[in-house]
*Asks:* 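Have a look at this one before I ask anything.
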2 protein chains.
Amino acid sequence: MRVSATSLRLAAAFGEGVYTENCPTREALTRVTSRWAPLLLAALSDGEPLRWNELRHRASGITDKMLSQTLRTLEADGYVHRDARPVVPPHVEYSLTPDGVELTERLVDLMIFVSNRALGSAPAATRLAD
Amino acid sequence: MRVSATSLRLAAAFGEGVYTENCPTREALTRVTSRWAPLLLAALSDGEPLRWNELRHRASGITDKMLSQTLRTLEADGYVHRDARPVVPPHVEYSLTPDGVELTERLVDLMIFVSNRALGSAPAATRLAD
DNA sequence: CGGCATCCAGCATGATACTG
DNA sequence: CAGTATCATGCTGGATGCCG
């Protein structure tokens with residue numbers, strides 16, 4: 001008894017099996033919703049390329065390892081573009097690819113929705129001060 | 001240099017700090033993007049209430065524990081409604097709340113997008129070893 | 001500046017057994 | 001049928017140190 005538009009879209013995308021155990025979508029979803037990926041994507045969402053240390057600063061609390069790891073995953077998945085200029089000292093810039101822009105729109109949409117629910121009616125910005 | 005609509009929405013929701021270390025949104029996001037939550041929400045997306053065993057069947061591979069745990073968090077977060085009838089044998093039905101419907105729309109949107117990228121032209125994401 | 005290698009801890013998840 | 005309790009584990013993520 002499929003009635004909703006959502007379930008129809010699901011069926012169209014995944015077929016009747018919806019998604020089962022080894023569905024690669026699960027893995028891909030896990031990567032883009034990992035602890036730091038949404039933060040980094042959001043940081044890049046204004047279109048301005050950012051450097052390593054700028055990203056590190058924006059994703060408050062991230063470690064070198066996770067920054068590196070997350071950026072490499074996002075790059076491998078085609079969401080982030082890495083532009084390394086062969087100069088000394090190194091100069092590397094990260095930016096969103098077109099796919100990255102689309103992904104970030106959806107993630108931000110989800111984040112804002114969840115944020116509104118989690119915080120109830122309270123304005124989200126209240127407890128963000130560092 | 002905020003130029004994109006996405007970053008404007010972010011700024012509106014989270015203010016200038018975007019979100020920092022202890023932002024509760026991160027936790028809430030983690031819960032709804034946990035391993036099983038999207039599966040269960042998707043299973044309920046056609047509007048038909050499902051029973052424990054039906055959910056268990058649809059979320060292929062889930063264990064009793066994770067089914068119980070995930071359903072309880074979704075219920076606590078207000079996304080799933082639990083309707084238990086005091087009969088023998090027990091008869092319990094799960095369905096989406098209005099919030100759950102909205103959340104599921106967004107999750108399904110994200111899942112379908114990610115699925116298209118993962119299975120599409122992009123080189124299927126070289127798994128980030130560790 | 002922009003990383004990578006190694007080791008380690010905590011938590012999400014899993015397996016198994018039991019129950020009203 | 002619809003769970004809970006207990007124990008085990010694997011993987012994400014963190015701390016630290018080193019390098020071109």
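Chain identifiers are assigned alphabetically (A, B, ...) following the order of the sequence lines, protein sequences preceding nucleic acid strands; residue numbering begins at 1 within each chain. What you see is a predicted model, and the numbers here were worked out from it, not measured in a lab.
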*Asks:* Can you measure B/Leu71 atom CG to D/dC1 atom C1' for me and round it to whole angstrom units?
*Replies:*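 The answer, rounded to whole Å, is 14 Å.
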*Asks:* Does A/Arg82 put a side-chain nitrogen or oxygen below 4.0 Å from OP1 or OP2 of C/dG3?
*Replies:*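 So the side-chain polar atoms of A/Arg82 do come within 4.0 Å of the phosphate oxygens OP1 or OP2 of C/dG3, strictly under.
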*Asks:* Could you pull out all residues at least two apart from A/Thr30 that satisfy side chain to side chain contact (heavy atoms under 4.5 Å, CB included)?
*Replies:*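 Testing A/Thr30 for side chain to side chain contact (heavy atoms under 4.5 Å, CB included), a comparison that skips the adjacent residues, returns none.
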*Asks:* Tell me every residue that passes side chain to side chain contact (heavy atoms under 4.5 Å, CB included) with B/Asp64, counting only those two or more places apart in sequence or in another chain.
*Replies:*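 Expected list: B/Trp52, B/Arg56.
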*Asks:* Restricting to side chain to side chain contact (heavy atoms under 4.5 Å, CB included), what partner residues turn up for B/Ala5, sequence neighbours left out?
*Replies:*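 Partners of B/Ala5 by the side chain to side chain contact (heavy atoms under 4.5 Å, CB included) criterion come out as none, since no residue qualifies.
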*Asks:* Using OP1 and OP2 only, check whether a side-chain N or O of B/Arg51 sits under 4.0 Å from D/dC1.
*Replies:*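 Answer is no, no contact under 4.0 Å.
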*Asks:* Indicate yes or no for a side-chain donor-acceptor contact from B/Arg26 to the backbone of A/Arg35 under 3.5 Å, with no hydrogens or angles considered.
*Replies:*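 A pair under 3.5 Å: yes.
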*Asks:* Without decimals, in angstroms, what is the distance between A/Asn53 CG and C/dG3 C1'?
*Replies:*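 After rounding, the reported distance stands at 10 Å.
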*Asks:* Determine, step by step, whether A/Arg31 and A/Asp77 satisfy the salt bridge (charged side-chain N to carboxylate O under 4.0 Å, His left out) criterion, reporting the C-alpha distance in whole Å, the side-chain angles of both residues, the deciding distance to 0.1 Å, and the verdict.
*Replies:* CA-CA 9 Å; A/Arg31 283 196 298 271; A/Asp77 284 351; 2.8 Å; yes
*Asks:* Quick one: does any side-chain atom of B/Thr97 pair with a main-chain N or O of B/Tyr79 as donor and acceptor, under 3.5 Å?
*Replies:*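 Answer holds: yes.
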*Asks:* On the nucleotide D/dG14, are OP1 or OP2 found under 4.0 Å from the side-chain N or O atoms that A/Trp36 carries?
*Replies:*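 Checking A/Trp36 against D/dG14: at least one side-chain N or O falls below 4.0 Å of OP1 or OP2.
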*Asks:* Just how far, in rounded Å, is P of D/dC1 from CD of B/Glu54?
*Replies:*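 Spelled out: CD on B/Glu54 to P on D/dC1 is 11 Å.
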*Asks:* Measure from CZ on B/Arg56 to C1' on D/dA2 and round the result to the nearest Å.
*Replies:*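 Result: 10 Å.
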*Asks:* Rounding to an integer number of Å, can you tell me how far B/Asp83 CG sits from D/dC1 P?
*Replies:*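 Roughly 18 Å, once rounded to whole Å.
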*Asks:* Taking only side-chain nitrogens and oxygens of A/Arg72, does any of them come within less than 4.0 Å of OP1 or OP2 of C/dC4?
*Replies:*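 For A/Arg72, the contact criterion (side-chain N or O under 4.0 Å from OP1 or OP2 of C/dC4) is met.
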*Asks:* Using atom CD1 of B/Ile62 as one end and atom C1' of C/dA12 as the other, report the distance to the nearest whole Å.
*Replies:*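 Computing the B/Ile62:CD1 to C/dA12:C1' distance gives 13 Å.
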*Asks:* To the nearest Å, give me how far apart CZ (A/Arg31) and P (D/dC11) are.
*Replies:*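 The answer, rounded to whole Å, is 15 Å.
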*Asks:* OP1 or OP2 of D/dG13 versus the side-chain N and O atoms of A/Thr63: is any pair under 4.0 Å?
*Replies:*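 Checking A/Thr63 against D/dG13: no side-chain N or O falls below 4.0 Å of OP1 or OP2.
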*Asks:* Test for a donor-acceptor pair under 3.5 Å between the base of D/dT4 and the side chain of B/Lys65, counting only N and O atoms.
*Replies:*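 Side chain to base: no pair below 3.5 Å.
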*Asks:* Where the side chain of A/Ser7 meets the backbone of A/Ser4, is there a donor-acceptor pair that is under 3.5 Å apart?
*Replies:*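 Pair found, side chain donor or acceptor close to backbone of A/Ser4.
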*Asks:* Is there a side-chain contact between B/Tyr94 and the phosphate of D/dC1, meaning an N or O under 4.0 Å from OP1 or OP2?
*Replies:*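 The answer is no; no side-chain N or O of B/Tyr94 sits under 4.0 Å from OP1 or OP2.
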*Asks:* Answer with base, sugar-phosphate or nothing: what part of the nucleic acid does A/Arg85 contact at a heavy-atom distance below 4.0 Å?
*Replies:*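 Touches nothing.
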*Asks:* Does A/Thr25 use its side chain to pair, donor to acceptor, with the backbone of B/Met111 at less than 3.5 Å?
*Replies:*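 Absent.
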*Asks:* For B/Thr70, does its backbone N or O pair with a side-chain atom of B/Thr73 as donor and acceptor, under 3.5 Å?
*Replies:*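 Yes; at least one donor-acceptor contact below 3.5 Å.
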*Asks:* Per the end-axis method with five pairs at each terminus, what is the bend angle of the helix from C/dC1-D/dG20 to C/dG20-D/dC1, to 10°?
*Replies:*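 Answer for the end axes of this duplex: 50°.
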*Asks:* Quick test: give all pairs of protein nitrogen or oxygen and nucleotides 17-20 of chain D nitrogen or oxygen below 3.5 Å, distance rounded to 0.1 Å.
*Replies:*
none

*Asks:* Nearest to the side chain of A/Val92 - C/dG2, C/dC4, D/dG13?
*Replies:*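 Among C/dG2, C/dC4, D/dG13, the one nearest the side chain of A/Val92 is C/dG2.
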*Asks:* Can you name the side chain to side chain contact (heavy atoms under 4.5 Å, CB included) partners of B/Arg51, sequence neighbours left out?
*Replies:*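 B/Arg51 satisfies side chain to side chain contact (heavy atoms under 4.5 Å, CB included) with B/Glu54, B/His91, B/Glu93 once adjacent residues are dropped.
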*Asks:* Take the protein atom CG of A/Leu50 and the nucleotide atom P of C/dG3, then report the distance between them rounded to whole Å.
*Replies:*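 About 13 Å, once rounded to whole Å.
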